[in-house]
Amino acid sequence: MTGPVDLSRATFLRGAAKVGQLLPDVGVEVAFAGRSNAGKSSAINALTASKALARISKTPGRTREINFFRVDELARRRLVDLPGYGYAKVPRSVKQHWVSLVEGYFAGRRSLHGVVVIMDVRRPFTELDLQMLGWCARAQLAVHVLLTKADKLSRGRAAQVLDSERRRAARESWNLTLQLFSATRGLGLDEARRQIGHWLLSD
Ligand code: GDP
């Protein structure tokens, strides 16, 4: 088992390139967001104990889609891979498309119970991450932040970053939880799966 809900059962359902292609808003969803290259696909693969699940979201044409994975047979519980943000050189029209797709998804999405935001532990809370958190706050969504690639720092340094970012979050009244994570080392898997399982079962 990969936590209270068996995430290893996740399979790809469908990608949505526009709001009209989103799955019906029933059941329970947990979404994953993050800057491109932050380590979102690796985190999804580690959490679902899958070598290739999120690679589907990385195939050409799908990187700018919202990709849905079902966790249970009836697809009542789903993981949702949001397109990565922060590509350096994309045209304005592509950025606008991203914004309208993700805003359209967040708008009144009743099945969305929580958002996992993936950030590189060495560069957490960039301006675009804060924008994403702002959207989550406006939509009154619970947020859990994975500070990933923690293996790139010494254990002591990673703990320091976690502590100082937690204090900053409290100071700024950001309503979120934070943890260290590493897809390559399997660090923080239980904690993350517990949070995701908790959301997926909260209906
Ligand atoms: P995405 O664009 O956010 O989906 O990022 P990817 O999952 O594709 O990861 C981007 C790069 O970071 C790849 O080269 C990964 O191998 C690397 N990476 C992802 N997670 C980790 C991690 O936990 N530790 C280390 N050291 N590298 C990672």
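All residue numbers refer to positions in the sequence shown, counting from 1. Both ligands and their constituent atoms are indexed starting at 1 by order of listing.
Distances below 4.0 Å separate heavy atoms of T148 from the following atoms of ligand 1: 23 (O). The ligand atoms of ligand 1 that sit less than 4.0 angstrom from a heavy atom of R35 are 3 (O). Within ligand 1, counting atoms from 1 as listed, the ones closer than 4.0 Å to a heavy atom of G39 are 1 (P), 3 (O), 5 (O), 6 (P), 7 (O), 9 (O), 19 (C).
What sits closest to atom 21 (C) of ligand 1 on the protein, heavy atoms only, is K149 CG, 3.6 Å. At the shortest separation from atom 3 (O) of ligand 1 among protein heavy atoms lies K40 N, 2.7 Å. Given atom 8 (O) of ligand 1, the protein heavy atom at minimum distance is K58 NZ, 2.8 Å. Here the heavy atom of the protein found nearest to atom 19 (C) of ligand 1 is S42 OG, 3.2 Å. Closest to atom 4 (O) of ligand 1 among all protein heavy atoms lies S41 OG, 2.6 Å. Counting protein heavy atoms only, atom 2 (O) of ligand 1 is closest to N37 N, 2.7 Å.
Of the polar atoms of A183, at least one N or O is found under 3.5 Å from an N or O of ligand 1, judged by distance alone. Considering backbone and side-chain N/O atoms, D151 comes within less than 3.5 Å of an N/O atom of ligand 1. Looking at A43 next to ligand 1, no N or O pair under 3.5 Å apart turns up.
Side-chain heavy atoms closer than 4.5 Å link hydrophobic residues (I, L, V, M, F, W, Y) into clusters, and following such links, possibly through other members, connects V71 to V28.
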Next item on the list: Could you check R194 against D190 for salt bridge (charged side-chain N to carboxylate O under 4.0 Å, His left out), going step by step and ending with a plain yes or no?
Entry: CA-CA 6 Å; R194 220 175 300 126; D190 288 349; 5.3 Å; no

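Taking the six-membered ring where the residue is Trp, Y105 and F68 present perpendicular rings, their angle passing 60° and hence far from 30°.
Heavy atoms of R185 stay at 4.0 angstrom or farther from ligand 1. Between A38 and ligand 1 there is a heavy-atom distance shorter than 4.0 Å. Using a 4.0 angstrom heavy-atom cutoff, S182 counts as in contact with ligand 1.
For R14, the CZ atom is densely surrounded, since the number of other residues' heavy atoms within 6.0 Å is greater than 12. More than 12 heavy atoms of other residues, nucleotides or ligands sit less than 6.0 Å from atom CD of Q96. Within a 6.0 Å radius of CG in N175, other residues, nucleotides and ligands contribute 12 heavy atoms or fewer. Counting non-hydrogen atoms of neighbouring residues, nucleotides and ligands closer than 6.0 angstrom, the CZ atom of R168 exceeds 12 such neighbours.
For the side chain to side chain contact (heavy atoms under 4.5 Å, CB included) test with I196, the passing option among L201, V5, L79 is L79; the others fail. When each of I118, T148, L147 is checked for a side chain to side chain contact (heavy atoms under 4.5 Å, CB included) with F181, only T148 meets the rule.
Between T126 and D129, the side chains place a donor N or O and an acceptor N or O closer than 3.5 Å (distance only, hydrogens not considered).
Within a 4.0 Å radius of atom 14 (O) of ligand 1, the protein contributes no heavy atom.
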